[in-house]
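Not measured: the values here are computed from a predicted model. Here is how names work: the chains are called A, B, and so on, in the same order as the sequence lines, proteins then strands, and each is numbered from 1.
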There are 2 protein chains.
Amino acid sequence: MLIKTPKEIGLLVRDRRKARRWTQDALAQRLGVSRLWVVQLEQGKSTAQIGLVLRALNELDVPMQVDITPKDPAARVAASGGIDLDNIIRETSTPYRA
Amino acid sequence: MLIKTPKEIGLLVRDRRKARRWTQDALAQRLGVSRLWVVQLEQGKSTAQIGLVLRALNELDVPMQVDITPKDPAARVAASGGIDLDNIIRETSTPYRA
DNA sequence: CGTCATTGTCAGCGATCAATAACAATGCGA
DNA sequence: TCGCATTGTTATTGATCGCTGACAATGACG
């Protein structure tokens with residue numbers, strides 16, 4: 001399922017929340033936000049903060065993904081769990097750096 | 001690539017932007033936001049508004065997706081491009097509704 | 001129907017986003 | 001190295017987020 005708009009996120013959150021038979025209040029408490037915020041998120045609020053939205057999706061075990069392999073090493077590191085051999089080698093093999 | 005944090009989004013945006021050889025300023029103008037906002041997004045700003053973030057990803061042709069098929073018809077509709085036969089049938093076959 | 005749980009809406013308020021502007025830092029080719 | 005483009009940082013400010021609290025609407029169930 002492709003995600004292009006906040007409205008789609010809202011419907012998805014509502015669906016996954018209901019699949020678990022959680023109330024909006026229960027989800028809100030898990031996320032550390034108000035119930036009002038959950039209401040508005042499910043309604044497709046476009047101004048919700050990305051950090052909170054991602055936390056909600058994680059709490060509901062909804063994996064967000066992109067089918068792209070970044071060219072930038074730093075981005076690949078983030079994609080692969082935090083291990084960047086290239087960088088480690090470079091960092092530890094550069095001599096005479098005051 | 002799995003997306004779990006705003007930081008990953010930032011690195012991804014930077015990577016895709018550079019792949020197109022756009023400046024932060026150019027991307028900002030396409031999105032209708034300030035350059036400062038792009039700077040902060042790429043730095044992993046967790047308070048960026050979801051609507052703007054999705055617009056940025058769309059502008060960079062980065063498809064966000066989840067591998068879930070919602071049970072709620074409304075959510076499936078959003079997922080499949082806006083056609084909901086079930087709903088159309090129900091709506092058009094309910095007689096005598098004042 | 002009556003009751004209770006859940007969800008939706010509104011008002012008011014402190015905290016903070018995103019914008020603008022100015023300037024510093026970095027990068028990169030000539 | 002110099003000069004220019006790009007990126008990063010800071011301060012300020014109007015607009016608005018997310019919160020609390022209260023109340024209405026909806027839904028589920030006996």
Closest contact, heavy atoms only, [X] versus [Y]:
{"X": "Thr47(B)", "Y": "Gln49(A)", "value": "CG2-OE1, 3.2 Å"}
{"X": "Ala48(B)", "Y": "Leu41(B)", "value": "CB-CD1, 4.5 Å"}
{"X": "Leu2(A)", "Y": "Pro63(B)", "value": "CD2-CB, 3.6 Å"}
{"X": "Gln24(B)", "Y": "Val39(B)", "value": "OE1-CG2, 3.2 Å"}

Q | Interatomic spacing from CG in Leu54(A) to CD in Glu8(B) - rounded to 0.5 Å | A | 8.5 Å
**Q.** Atom pair NZ (Lys4(B)) and CE (Met64(A)), whose distance is rounded to the nearest 0.5 Å
**A.** 13.0 Å
Q: Nearest whole angstrom, please: distance from the P of dT6(C) to the CD of Gln29(A).
A: 12 Å
So, using side-chain contact (heavy atoms from CB on, under 4.5 Å) as the criterion, who are the partners of [X] when residues are at least two apart?
{"X": "Ser46(A)", "value": "Pro6(A)"}
{"X": "Lys18(B)", "value": "Arg14(B)"}
{"X": "Asp61(A)", "value": "Arg20(A)"}
{"X": "Ala26(A)", "value": "Trp22(A), Thr23(A)"}

Q: Quantify the bending of the helix from dC1(C)-dG30(D) to dA30(C)-dT1(D) as the angle between its end axes, each fitted on five pairs, to 10°.
A: 60°
Short N/O separations, protein against nucleotides 13-18 of chain D, under 3.5 angstrom:
{"unit_1": "dC17(D)", "atom_1": "OP1", "unit_2": "Thr47(A)", "atom_2": "OG1", "d": "3.2"}
{"unit_1": "dC17(D)", "atom_1": "O5'", "unit_2": "Thr47(A)", "atom_2": "OG1", "d": "3.3"}
{"unit_1": "dG18(D)", "atom_1": "OP1", "unit_2": "Gln49(A)", "atom_2": "N", "d": "2.9"}
{"unit_1": "dG18(D)", "atom_1": "OP2", "unit_2": "Lys45(A)", "atom_2": "NZ", "d": "3.3"}

**Q.** side chain to side chain donor-acceptor pair (under 3.5 Å) partners for Arg17(B), two or more places apart
**A.** Glu42(B)
**Q.** Short side-chain N/O contact to dT9(C) OP1/OP2 from Gln43(A), under 4.0 Å
**A.** yes
Q) Any side-chain N or O of Arg17(A) under 4.0 Å from OP1/OP2 of dT6(C)? A) no
Q | side-chain contact (heavy atoms from CB on, under 4.5 Å) partner of Arg16(B), chosen from Leu11(B), Val62(B), Leu27(B), Leu57(B) | A | Val62(B)
Q. Base, backbone or nothing for each nucleotide of nucleotides 23-30 of chain D, written B, S, -, heavy atoms under 4.0 angstrom, 5' to 3'?
A. --------
Q.
Is there a path of hydrophobic side-chain contacts, each under 4.5 Å between heavy atoms of I/L/V/M/F/W/Y residues, joining Val38(A) to Leu36(A)?
A. no
Check the interface with nucleotides 26-30 of chain C: list each N/O to N/O pair with the protein under 3.5 Å, or write none.
none

**Q.** Nucleic acid contacts - residues 20-28 of chain A versus DNA chain D, non-hydrogen atoms under 4.0 Å
**A.** none
Q: Write out all pairs satisfying salt bridge (charged side-chain N to carboxylate O under 4.0 Å, His left out) with one or both partners inside residues 21-38 of chain A, taking only residues at least two apart or from two chains.
A: Arg30(A)-Glu59(A)
Q. So do Val66(A) and Gln65(B) actually touch side chain to side chain, heavy atoms under 4.5 Å?
A. no
